[in-house]
Structure formats: structure tokens, C-alpha cells
Amino acid sequence: MKELVDVLIKVLDEEIVVYKKLLKNLDEKTDVLVNGDIKKLDEITKEEQSITETLVKLENLREKVIFNIAHKKDKSGIDVSQILEFLEGQEKEVLEEKRNKLVNILEKIKEKNMLNSRLIKDSLDYINLNIDLFTNRDSNLTYGKGKKNEQTASFFNKQA
């Protein structure tokens, strides 16, 4: 059992490192979204996909280790918090510390994702507003013999 807990701690350490890398990536993404640098956003998104692939592998490994620990304890469907109940001493302290670090990083990632989502939504709203203004989507446009649309002309005259 001790060997499995040691492997779990190592996997959590690796996850912490990769999640910190993801958090740094998300911080850069926020700056890029604010500055509107589309080329850099594309680069960051590609890097984010690579980080995510690594996290999926680590998550699968962690699940296998937890499954093996659960099997040794004749339990099923347990998580790291429940494993802590089986442990004592330094193993318990170290595992609990790793779990807490991971939880804190995940909370920061969640907050950063929410901020980036709002920035993206605001950018899209701004783009849609400009499209509406320039295409005059809400007005009754007529072509040919009908009335000339004076609203479009006045919009461009005010902006010039």
C-alpha cells in the first residue's frame, strides 16, 4: 500500500507542475485577450491543447493508482480525500498537502477561465455591435426605386 501511496504522491506532484503551467498559460491568455493579439492567442491555444493532453494522461494514471489503492482496501469509487482516511503519519500529511495544493491551483484556474470567458464574450459582443452598426441590420433597407435610407448616411457622416 505504501508504494501505491508514494506513486500517487508523485503523480499529484506532476499534476501540480502541469496545472501551474496551465495557470501561467491562462494568465498570458488574459493579457492577449485584453490586447487583442490574435496571432499570440493562436499560439497560446495550441500550447494549452498540449498541456491538456498531458493532464489527461496524468489524470488517467492517477485514477489507476486510486483504483489499485481502493482494490487493496476492498473499496470502490474512492477519491484522494477518502484515501486520507486510511493513512496515518507523514504519508497522510504529505498526501493532504499535495491534494490541497492541487485544489487551490484548480480554483485559480477556474477563476481565470471565467475571466477569460467574459473577455471573449465581451469581445464578441463588441464585434457584433460593430457588425450591426456597419450593416445597419435593424433598419429597413430598400434598394432601387424606394426611399433612400437616410439613417446609414447620417451614421457615416457623424463618424467622419
Contacts of K72 meeting side chain to side chain contact (heavy atoms under 4.5 Å, CB included) (sequence neighbours excluded), chain-then-number -> L4
Partner set under salt bridge (charged side-chain N to carboxylate O under 4.0 Å, His left out) for D27, not counting sequence neighbours: K112
Not counting sequence neighbours, which residues clear side-chain hydrogen bond (donor to acceptor under 3.5 Å, both in side chains) with D31? List them please. none
Return the minimal non-hydrogen interatomic distance between L58 and V11, and the atom names on each side. O-CG1, 3.7 Å
Nearest 0.5 angstrom please: L8 CG to L87 CG, how far? 9.0 Å
Tell me which pairs pass salt bridge (charged side-chain N to carboxylate O under 4.0 Å, His left out) where either residue lies in residues 113-131, with sequence neighbours left out. K121-D125
Once side-chain hydrogen bond (donor to acceptor under 3.5 Å, both in side chains) is applied, do any residues pair with N25, and if so which ones, sequence neighbours excluded? none
What distance separates N116 CG from T30 OG1, expressed to the nearest 0.5 Å? 3.5 Å
Are F86 and V5 close enough that some pair of their side-chain heavy atoms sits under 4.5 Å apart? no
So how far is it from T135 OG1 to N130 CG, rounded to the nearest 0.5 Å? 10.0 Å
What distance separates E111 CD from N113 CG, expressed to the nearest 0.5 Å? 10.5 Å
Residue pairs passing the side-chain hydrogen bond (donor to acceptor under 3.5 Å, both in side chains) test where at least one lies in residues 40-59, sequence neighbours excluded: K29-E48, D42-K46, E59-R62
Set of side chain to side chain contact (heavy atoms under 4.5 Å, CB included) partners for V17, sequence neighbours left out: none
Which residues, ordered by chain and number, are linked to L124 in its hydrophobic cluster, where ILVMFWY side chains connect at heavy-atom gaps below 4.5 Å, directly or through other members? V32, L33, V34, L41, I44, L115, L119, I120
Where at least one partner belongs to residues 78-89, residue pairs that pass salt bridge (charged side-chain N to carboxylate O under 4.0 Å, His left out), sequence neighbours excluded: none
Going by an N to O cut-off under 4.0 Å, is there a salt bridge joining K10 and E14? no
So the salt bridge (charged side-chain N to carboxylate O under 4.0 Å, His left out) pairs with at least one residue in residues 93-108 (sequence neighbours excluded) are D13-K98, E97-K101
Distance col, row K24:NZ vs I51:CD1, nearest 0.5 angstrom, shows 9.0 Å
K2: side chain to side chain contact (heavy atoms under 4.5 Å, CB included) partners, not counting sequence neighbours: D6, E91
Apart from V103 itself, residues in the same hydrophobic cluster as defined by side-chain heavy atoms under 4.5 Å: none
Distance in Å, E15 CD paired with L61 CG, rounded so as to fall on 0.5 Å steps: 8.5 Å
Answer with yes or no whether the hydrophobic clustering places L12 together with L106; edges join I, L, V, M, F, W, Y residues whose side-chain heavy atoms lie under 4.5 Å apart. yes
